[in-house]
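Reading through the structure tokens given below for one structure.
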Amino acid sequence: MKIHEYQAKQVLREAGVPVPRGMVADTPQGVVNAFNALGGELAVVKAQIHAGGRGKGTIKENPEQHGVQLVRNTEEAARAASAILGHTLVTVQTGPQGQVVRRVLVEEGCRIANELYVGIVVDRGAARPVLVASSQGGMEIEQVAVTSPESIFRESFHPDAGLASYQARKLARRLGLSAAASRRAEPFLKNLCRVFVQRDCSLLEINPLVVTADEELLALDAKMTFDDNALFRHPDLLAFRDLAEEQPAEIRAAEEGLSYVKLDGTIGCLVNGAGLAMSTMDLIQLHGGQPANFLDVGGGANVHQVTEAFRILLGDSNVRAVLVNIFGGIMRCTTIAEAILAAYRAVGFHVPLVVRLEGTEVEQGRKILAESGLQIITADSLTDAARKVVAAAAG
């Protein structure tokens, strides 16, 4: 689950991580009021959407306007609010369709002496979290990794013990911090690691982490995502969920117990098992197609779930063909075939449907599909299915 920057900063503030003073507003007058409440001298107005690159992003209706704007008086604050609120912000992460901005964060300005990068992710190879830091803050870490890999430093830590003091001091030295800034970096970094573990984060990113002219450290930006499977432990975080920022189809799928992620291709995929789903998507691309989604119906999908899955797939106007790839392990292929036929009749297909079954009672399942009288293309293998669905999508 993703949350907004202002929500992430609330979590960090409660964990003892220094963040700038700020207020959220959803109207131009609210922005002006926030600007005055913060001192009325220098502030930044930041669009709040679930996407990065907001500072370089442009307003669709007026490409000269950006999603993050520095303001020095109430007139500039009002103009920035009017330019951002209610408009569509397009960034490298939103895609060309952009995202409508419904609220902004008004934050006090600060005198920046240096910009750094700090992020925490799970290192699956080391089987523990890893703190990643760089002296090149304000840039995409992926770009830094390509152009200046020597400026990226890593420290893994045990989730129970947290980041050790010596590790924090070592990172501060590598980042070139002064003695005063280094003393502040130790609790800053240790608190970041603690909140990552305690809040079941999958990503925590501060970019930039700024060193001010007074050698204070501030999380000038914050991005946090959480493990959905652990949200039952954090009802306060679940309250941060903003459905307006999520794909309606993904919300609907989650309500039906389906794992669904929308993509940009033309071939809808309905598969049981995450690994099989990813393999199916790889094979589609290998044979020249593009998957329109990731959809895992799970090992015990029933007729209702398959029907809803078909409705979700066919609700995507980009879908030109659908591939069903099911391995019947616990559930027999005959049961799966009956479920597919019932869902097909309930939904009504307007695009080609390719079905590949494998597993328990597979021959009987294929016979049920073949004798149904419905326009279903059957496949004997995953490669055969991929080739047929790519051809069907191409017309």
Side-chain angles (χ1 to χ4, degrees), residues 1-22 107 110 112-139 141 144-145 150-227 230-231 233-234 236-237 240:
M1 184 186 79
K2 297 179 181 180
I3 61 174
H4 290 290
E5 174 195 357
Y6 75 91
Q7 296 167 327
K9 285 181 173 175
Q10 178 182 328
V11 174
L12 293 177
R13 187 182 296 110
E14 293 170 354
V17 178
V19 299
R21 289 193 307 142
E107 207 164 61
C110 64
I112 299 174
N114 194 13
E115 293 188 355
L116 310 171
Y117 170 93
V118 173
I120 308 174
V121 293
V122 175
D123 183 340
R124 297 187 183 278
R128 56 175 57 192
V130 59
L131 176 63
V132 181
S134 173
S135 57
Q136 298 191 34
M139 298 178 61
I141 194 64
V144 176
E150 70 282 355
S151 68
I152 298 178
F153 313 106
R154 300 171 179 84
E155 288 290 335
S156 62
F157 58 93
H158 193 281
D160 290 337
L163 189 73
S165 295
Y166 81 89
Q167 292 178 296
R169 291 194 295 268
K170 182 166 64 172
L171 282 174
R173 184 173 62 254
R174 288 178 171 178
L175 293 171
L177 298 181
S178 67
S182 294
R183 286 193 295 272
R184 296 181 174 103
E186 183 175 337
F188 188 103
L189 297 176
K190 292 175 75 171
N191 284 339
L192 276 184
C193 294
R194 179 168 53 84
V195 75
F196 179 88
V197 173
Q198 291 182 349
R199 291 298 199 160
D200 291 300
C201 295
S202 54
L203 169 69
L204 198 169
E205 187 176 61
I206 310 298
N207 190 23
L209 160 62
V210 300
V211 182
T212 70
D214 298 326
E215 298 193 279
E216 300 282 349
L217 269 64
L218 283 177
L220 203 63
D221 196 4
K223 180 178 182 181
M224 298 179 77
T225 61
F226 304 93
D227 183 349
L231 286 175
R233 291 199 287 254
H234 308 286
D236 58 329
L237 295 179
F240 284 158

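Every residue was checked against the ring-ring contact (aromatic ring centres under 6.0 Å, His included) condition with F240, not counting sequence neighbours, and none meets it. By the salt bridge (charged side-chain N to carboxylate O under 4.0 Å, His left out) test, R21 is found to be paired with E108, residues two or more places apart in sequence or in another chain being considered. Applying the side-chain contact (heavy atoms from CB on, under 4.5 Å) test to A222 and every residue at least two apart in sequence or in another chain returns A8, K9, L12, I206. With sequence neighbours excluded, no residue forms a side chain to side chain donor-acceptor pair (under 3.5 Å) with Q198. For R173, the side-chain contact (heavy atoms from CB on, under 4.5 Å) test picks out K170, with sequence neighbours left out. For R233, the side chain to side chain donor-acceptor pair (under 3.5 Å) partners two or more places apart in sequence, or in a different chain, are D200. For E216, the side-chain contact (heavy atoms from CB on, under 4.5 Å) partners are R184, T212, D214, not counting sequence neighbours. Not a single side chain to side chain donor-acceptor pair (under 3.5 Å) links D123 to another residue, sequence neighbours left out. Shown here are the side-chain contact (heavy atoms from CB on, under 4.5 Å) partners of D160, two or more places apart in sequence or in another chain: H158. With sequence neighbours excluded, no residue satisfies side chain to side chain donor-acceptor pair (under 3.5 Å) with R13.
Taking both residues in full, the closest heavy atoms of Q7 and I3 are given as OE1-CB, 3.2 Å, listed atom of the first, atom of the second, then distance. Across I152 and A145, no two heavy atoms sit closer than the pair CD1-CA, 3.5 Å. Nearest approach of A185 to L217, heavy atoms of both residues: CA-CD2, 3.7 Å.
Of the possible polar contacts, one joining the Q167 side chain to the S156 backbone as a donor-acceptor pair under 3.5 Å is found.
P20 is listed as a side-chain neighbour of L220, based on a closest heavy-atom distance under 4.5 Å. Annotation: side chain of F226 is not in contact with side chain of H234 (no heavy-atom distance under 4.5 Å). Contact annotation: the side chain of V11 never approaches that of D236 to less than 4.5 Å [non-hydrogen atoms, C-beta and beyond]. Looking at I120 and F157, their side chains come closer than 4.5 Å, going by heavy atoms from C-beta outward. A heavy-atom distance below 4.5 Å is found between the side chains of F196 and V122. N114 has its side chain out of reach of L175: every pair of non-hydrogen atoms, C-beta onward, lies at least 4.5 Å apart.
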Sequence neighbours left out, cut at 3.5 Å: what donor-acceptor pairs do the side chains of residues 188-195 make with other protein atoms?
| unit_1 | atom_1 | unit_2 | atom_2 | d |
| --- | --- | --- | --- | --- |
| K190 | NZ | S165 | OG | 2.9 |
| N191 | OD1 | R194 | NH2 | 2.9 |
| N191 | ND2 | G16 | O | 3.4 |
| N191 | ND2 | P187 | O | 3.2 |
| R194 | NH2 | A15 | O | 2.9 |

Donor-acceptor contacts, no H, no angles, side chain residues 128-136, under 3.5 Å, sequence neighbours left out:
| unit_1 | atom_1 | unit_2 | atom_2 | d |
| --- | --- | --- | --- | --- |
| S134 | OG | Q136 | N | 3.1 |
| S134 | OG | S151 | O | 3.2 |
| Q136 | NE2 | S148 | OG | 3.2 |
| Q136 | NE2 | S151 | OG | 3.4 |

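Defined by atom type and a distance below 3.5 Å, a donor-acceptor pair is present between the side-chain atoms of E205 and Y117.
We find the CG-NZ distance between L203 and K223 to be 6.0 Å, quoted to the nearest 0.5 Å. Here M1 contributes atom CE and L231 contributes atom CG; the two are 5.0 Å apart, rounded to the nearest 0.5 Å. Between the CZ atom in R154 and the CZ atom in R174 there is a gap of 10.5 Å [rounded to 0.5 Å].
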